[in-house]
Trainee: 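Just passing along the structure, written as structure tokens.
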Amino acid sequence: MIVMHKNSDITPYISSISWGGSRSEVARKLELKVVNAPLDDNITPPIIDLADPVYLFEDDGKTELFRGF
């Protein structure tokens with residue numbers, strides 16, 4: 001799966017993904033755990049603000065599974 005934040009691929013910074021819901025339900029949920037290593041200068045995790053768009057795609061990068069804030 002591919003996770004996009006705005007126009008950037010943040011998949012390398014995601015340690016786990018959980019998403020749920022179905023087409024028949026009104027609301028769906030996506031939970032992401034973002035890597036945070038404040039003492040490691042080699043890792044600069046993305047800053048995702050509250051109202052920023054996040055997208056979840058299949059591995060093909062075209063099939064959108066989730067879109068939300």
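Because only heavy atoms are used, hydrogens play no part in the values below, and waters and symmetry mates are left out as well, while side chains stay in. When a residue number appears, it is its place in the shown sequence, counting from 1.
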Trainee: With a cut-off of 6.0 Å (strictly less than), are more than 12 heavy atoms of other residues, nucleotides or ligands near CG of D40?
Mentor: yes
Trainee: Atom OG of S18 and atom CG of L30: how far apart are they, to the nearest 0.5 Å?
Mentor: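 So the OG of S18 and the CG of L30 are separated by 8.0 Å.
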Trainee: Heavy-atom count check: over 12 atoms from other residues, nucleotides or ligands less than 6.0 Å from D59 CG?
Mentor: yes
Trainee: Identify the two heavy atoms, one from E64 and one from Y55, that lie closest to each other, and give their separation to 0.1 Å.
Mentor: OE1-CD2, 4.3 Å
Trainee: Nearest heavy-atom pair of D60 and K62: which atoms, and what distance?
Mentor: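 Smallest heavy-atom distance, with atoms named: OD1-N, 2.9 Å.
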Trainee: Taking the side chain as every heavy atom from C-beta outward, state whether E58 and L65 have any pair of such atoms under 4.5 Å apart.
Mentor: yes
Trainee: How close do I10 and I14 get, counting heavy atoms only, and between which atoms?
Mentor: O-CG1, 3.4 Å
Trainee: CZ/F66 to CZ/R28 distance, rounded to the nearest 0.5 angstrom?
Mentor: 9.0 Å
Trainee: Would a 4.5 Å heavy-atom cut-off, applied to side chains only, mark I2 and L56 as touching?
Mentor: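 Contact flag for I2/L56 side chains = no.
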Trainee: Supply the atom-to-atom distance K33 NZ to S15 OG, rounded to the nearest 0.5 angstrom.
Mentor: 6.5 Å
Trainee: To the nearest 0.5 angstrom, please state how far the CD1 atom of I43 sits from the CG atom of D41.
Mentor: 10.0 Å
Trainee: Please walk me through it: do T11 and M1 pass side chain to side chain contact (heavy atoms under 4.5 Å, CB included)?
Mentor: CA-CA 8 Å; T11 307; M1 292 190 187; over 6 Å; no
